[in-house]
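One-based numbering, in listed order, for ligands and for the atoms of each. Owing to the predicted nature of the structure, the values given are computational and were not obtained by experimental measurement.
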Amino acid sequence: MGLTDKEYDYWELPAAFVKMYGGNKEDVRVYASPARINIIGEHIDYNGGKVFPASIDRYLYVAIRKRADSKIIYNDVRFPGTYEFDINDNFAYDKKNDYANYLNGILSQLKEKGYSLPCGFEILMVSNVPAGGGISSSSALECGFAYAVSDTFNLNIDRVEIAKLGQMSEHNFMGVNCGIMDQFIIATGKKNTAEMLDCATLDYEYAPLDLGDYRFVVMNTNKVRKLSDSKYNERRSQCEQALKILQNNGVKINALCELSSEKWEEVKHFVSDEVLQKRAKHCVYENERVLNAVKALKTGDLSELGRLLNASHKSLKEDYEVTGIELDTLAETSQKQEGCLGSRMTGAGFGGCAIALVRNDKVEPFIENVQKEYTKKAGYCAGFFACETGDGVFRIL
Ligand code: GLA
């Protein structure tokens, strides 16, 4: 993924589909499912916090057509191998099924909820979202597939339910205890806006993403990681432990992000373990940064937004400890560049991507300078692209 990488053009997908499966192009439907950036509010979706993500104009495409029999067939333009199943299968995770697990995960959750399909279908996919890159390739896959199946078979599953299906599939099938943020923004995002989502209630509100002369540049460490091999679940359980300690000491909260920073300072001594205390501190202050960031954006104070991005990165580095040399190099080098108001890691961390808010006329020298420094430190190149917002999952053809 770089500025020069060729993106797959979705117009080519129906022809590729017919070449693979036969029949007519007219019977093939194509759905687009976006990547996301999280502007701010990291690792707090599973702590009852508020998050501020945006869906962006990098898409995964799912082409689908019903079959006359009960077979299910998956293919991907770029990944080798054909995966075959049947609508009557009991879908279970199997390592050798690779990406097909994400799709079977959705089918298993649909079954669980009592949906049944009258016939099989065939799928051809292609993604312009880098796999394991931190901008939610897996949620794009889950929600894109769930939406395609729901629409094709008239299951009428609403967008919030699509997001929940994706999350349930991660929990029950893939073994990742993720929050709801990624699936939610991918299912409900709107072009030209970011979305302020309250993860405790699932209330959400769109905020116009008016960045004037600035835009977000996405920077990929190119260090691939999988949430399941990362320390993601460990961080989540550390937060749960901190919460329990507070509750056992009479602090009346259901989630860490219910605490204001003032209240936290009063009660933090209960969490005597230094590591747990740092994790909880990040959650409380990150939640406040989200509220301030939304305010800053509403009043057009982009410098303040930038400052909050930098503070968020520092907290994720020092207190939540989910960054690492690659993300720190990208964010900290970015923060020093002319025309850059702020930068932070985005997503789960441990590799993946960072974002920077950069003035339009400085994007080129910005990328050149950050790339130079990154290559020196990491020994390989980072990927860069300046992004626009995009719509949540939709039918494109
Ligand atoms: C991953 C998870 C999200 C969220 C982020 C960190 O992207 O899927 O639910 O927890 O990490 O903010």
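- Using a 4.0 Å cut-off between charged nitrogen and carboxylate oxygen, R58 and E7 count as a salt-bridge pair.
- Note: an N/O pair closer than 3.5 Å links D45 and ligand 1 by distance alone.
- Using a cut-off of 4.0 Å between Lys/Arg side-chain N and Asp/Glu carboxylate O, K278 and E321 are scored as salt-bridged.
- Here is the list of ligand 1 atoms found below 4.0 Å of a heavy atom in M181: 4 (C), 5 (C), 12 (O).
- A heavy-atom separation below 4.0 Å is found between R36 and ligand 1.
- Here's the thing with Y232: one of its N/O atoms is less than 3.5 angstrom from an N/O atom of ligand 1.
- Using a 30° and 60° split on the angle between ring planes, F350 and H43 fall in the perpendicular class, above 60°.
- The aromatic ring centres of Y99 and Y74 sit 6.0 Å or more apart.
- Of all atoms in ligand 1, listed by their number and element, those nearer than 4.0 Å to a heavy atom of G347 are 6 (C), 11 (O).
- Listed by number with element, the atoms of ligand 1 under 4.0 Å from a non-hydrogen atom of Y46 are 10 (O).
- Close approach to G179 involves these atoms of ligand 1, each under 4.0 Å from a residue heavy atom: 9 (O).
- With salt bridges taken as basic N to acidic carboxylate O contacts below 4.0 Å, one links R359 and D361.
- The residue from N38, D182, N47 that puts a heavy atom closest to atom 1 (C) of ligand 1 is D182.
- With respect to the salt-bridge test (charged N to carboxylate O, under 4.0 angstrom), the residues E195 and K190 do not qualify.
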